[in-house]
Amino acid sequence: MAGRGPASGERRGGEPTVNERNKVTTEQYAREQALEDKVVASFETAEDPRLKQLTQALTRHLHAFLREVRLTEAEWDEAIRFLTAAGHITDGKRQEFILLSDVLGASMQTIAINNEAYANATEATVLGPFFVEGSPEIPLGGDMSFGAAGQPCWVEGTVVGTDGKPVPGARMEVWEADEDGFYDVQYDDDRTAARGHLFSDENGTYRFWAITPTPYPIPHDGPVGELLAAVGRSPMRASHLHFDVRAEGKRTLITHIFVRGDELLDRDSVFGVKDSLIHDFVEHPADTPTPDGRDLGDRSWSSVRFDIVLAPADTTGAGE
Ligand code: BEZ
Ligand code: FE
């Protein structure tokens with residue numbers, strides 16, 4: 001790359017100067033720059049212009065990182081060991097690379113880039129690794145817990161467009177961890193619990209029973225957990241319930257609702273919390289009548305309202 005400004009290490013008065021950013025001599029700077037430029041040029045042949053842009057920008061940023069931190073060979077070996085371990089622990093049920101992307105904030109940054117705020121549309125947040133295709137359908141008012149441990153929670157709301165019109169037939173996938181902090185897929189017994197899908201009715205309203213979300217750690221028995229421990233970061237996620245909402249002509253919304261008052265809201269391990277997604281979960285003592293007359297015996301329950309606003313499909317801008 002031609003010249004990074006005066007910091008490129010020009011000779012002053014015939015003496016070798018050091019590059020001020022990377023603290024290397026002019027000659028060393030030039031050697032490193034020549035290699036970077038050569039690698040960038042090697043991608044010139046890419047026929048796909050987007051692939052060319054991605055590979056060249058990746059090269060520039062990667063080399064800038066290596067040069068800025070003056071990466072040692074031992075550190076590079078450690079990075080390779082880390083990525084190899086992430087590969088080895090990854091299988092059909094465990095996705096260490098998603099966790100890595102999440103704790104680096106790369107997932108949330110990609111979501112920010114691709115889901116620009118549009119009018120009053122509900123904000124998006126991280127998908128996480130526990131979404132599973134083929135969840136059971138539940139009727140409106142049905143129970144998606146399927147026996148998962150936790151306090152019953154009544155969830156209701158509407159699905160509308162940014163024009164305020166109800167969205168009937170929106171497909172809503174919902175999933176969450178049980179009160180022990182595990183998703184069904186983290187158990188070895190092939191259970192399906194605390195997940196399901198339903199459809200909004202002709203007025204765009206919906207309701208179902210879930211369990212009150214509780215905090216849980218992201219899987220931290222692998223290399224990502226090692227990294228968090230090494231830097232003194234907690235693996236805990238703020239309590240949440242996941243939603244994936246799809247409707248014809250609308251932008252797909254992947255989001256959560258969070259529990260107001262949860263002490264983890266300002267230190268979620270994957271940076272997923274947005275103020276607009278924090279909701280009041282109202283506590284109801286045992287014996288309080290439930291909205292649908294369900295008899296919960298001696299159990300207390302909670303309730304939350306989540307009104308969802310979907311942006312039009314193919315929108316990226318701010319809207320009116
Ligand atoms: C989740 O919310 O399910 C999740 C998100 C990121 C990493 C791990 C789990
Ligand atoms: Fe989650």
Side-chain angles (χ1 to χ4, degrees), residues 82 85-86 89-112 114-115 122-135 144-146 148-151 153 155 172-187 191-197 208 210-229 231 233-245 252-260 262-274 276-279 281 302 304 306:
F82 179 90
I89 203 171
T90 295
D91 60 20
K93 287 189 160 184
R94 171 73 178 259
Q95 230 305 355
E96 198 72 1
F97 291 98
I98 292 184
L99 293 182
L100 181 58
S101 159
D102 293 340
V103 303
L104 291 176
S107 304
M108 282 307 290
Q109 193 66 275
T110 307
I111 289 164
N114 289 280
N115 295 270
T122 304
E123 292 191 281
T125 189
V126 66
L127 172 68
F130 297 122
F131 171 75
V132 175
E133 295 285 352
S135 73
M144 61 74 94
S145 75
F146 293 103
Q151 181 193 46
C153 176
V155 186
M172 313 175 66
E173 287 275 353
V174 289
W175 68 106
E176 63 179 329
D178 65 19
E179 70 176 4
D180 295 318
F182 297 108
Y183 284 81
D184 52 2
V185 291
Q186 294 178 282
Y187 291 96
R191 72 182 72 177
T192 297
R195 73 174 68 243
H197 69 272
F208 63 93
I211 52 178
T212 309
T214 45
Y216 68 87
I218 65 168
H220 57 112
D221 55 345
V224 169
E226 255 176 59
L227 172 65
L228 293 179
V231 299
R233 270 176 57 182
S234 161
M236 293 304 288
R237 286 226 58 203
S239 315
H240 60 271
L241 169 61
H242 292 259
F243 282 78
D244 173 317
V245 186
T252 293
L253 173 68
I254 295 173
T255 197
H256 312 344
I257 49 174
F258 294 94
V259 180
R260 194 176 316 283
D262 183 346
E263 60 177 31
L264 290 164
L265 286 172
D266 59 358
R267 48 198 159 88
D268 183 44
S269 56
V270 302
F271 310 98
V273 179
K274 291 179 173 170
S276 67
L277 300 176
I278 300 172
H279 287 261
F281 283 70
S302 69
V304 63
F306 179 35

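First listed ligand is number 1; within each ligand, the first listed atom is number 1. Residues take their numbers from the sequence shown, with the count starting at 1.
The closest donor-acceptor contact from the side chain of D180 to the backbone of F182 lies at 3.5 Å or more, if one exists at all. With hydrogens and angles ignored, the 3.5 Å screen pairs no side-chain donor or acceptor of K274 with any backbone N or O of T125.
Legend: salt bridge (charged side-chain N to carboxylate O under 4.0 Å, His left out) pairs involving residues 210-222, not counting sequence neighbours, sorted by first then second residue: R94-D221.
Remark: ligand 1 atoms within the under-4.0 Å shell around heavy atoms of L99 are 7 (C), 8 (C). Numbered from 1 in the order shown, with element, the atoms of ligand 1 that lie under 4.0 Å from a heavy atom of I218 read 7 (C), 8 (C), 9 (C). Within ligand 1, the atoms closer than 4.0 Å to a non-hydrogen atom of H242 are 1 (C), 2 (O), 3 (O), numbered from 1 in the order shown. Ligand-side atoms of ligand 1 in range of V270: 6 (C), 7 (C), range being under 4.0 angstrom from any heavy atom.
If you look at W175 and F131, their ring centroids are closer than 6.0 Å. A ring-centre distance under 6.0 Å is found for H240 and Y216. Ring centers of H279 and F281: at least 6.0 Å apart, outside the cut-off.
Side-chain atoms of S239 and T214 include no donor-acceptor pair closer than 3.5 Å. Side-chain contact annotation: T90 with E96, donor-acceptor N/O pair under 3.5 Å absent. Side-chain N/O atoms of D102 and S107 include a donor and acceptor closer than 3.5 Å.
Inspection of the environment of the Fe ion (ligand 2) yields the following protein N, O or S atoms under 2.8 Å: Y183 OH, Y216 OH, H240 NE2, H242 NE2.
What sits closest to atom 5 (C) of ligand 1 on the protein, heavy atoms only, is G128 CA, 3.4 Å. Of the protein's non-hydrogen atoms, the one nearest atom 9 (C) of ligand 1 is P129 CD, 3.3 Å. From the protein, the heavy atom lying nearest to atom 7 (C) of ligand 1 is D102 OD2, 3.1 Å.
Considering F131, Y216, W175 only, the shortest heavy-atom separation from atom 3 (O) of ligand 1 involves Y216.
Look at R237 and D268 and you find a salt bridge, because one of the NZ, NE, NH1 or NH2 atoms lies within 4.0 Å of a carboxylate O, short of that distance.
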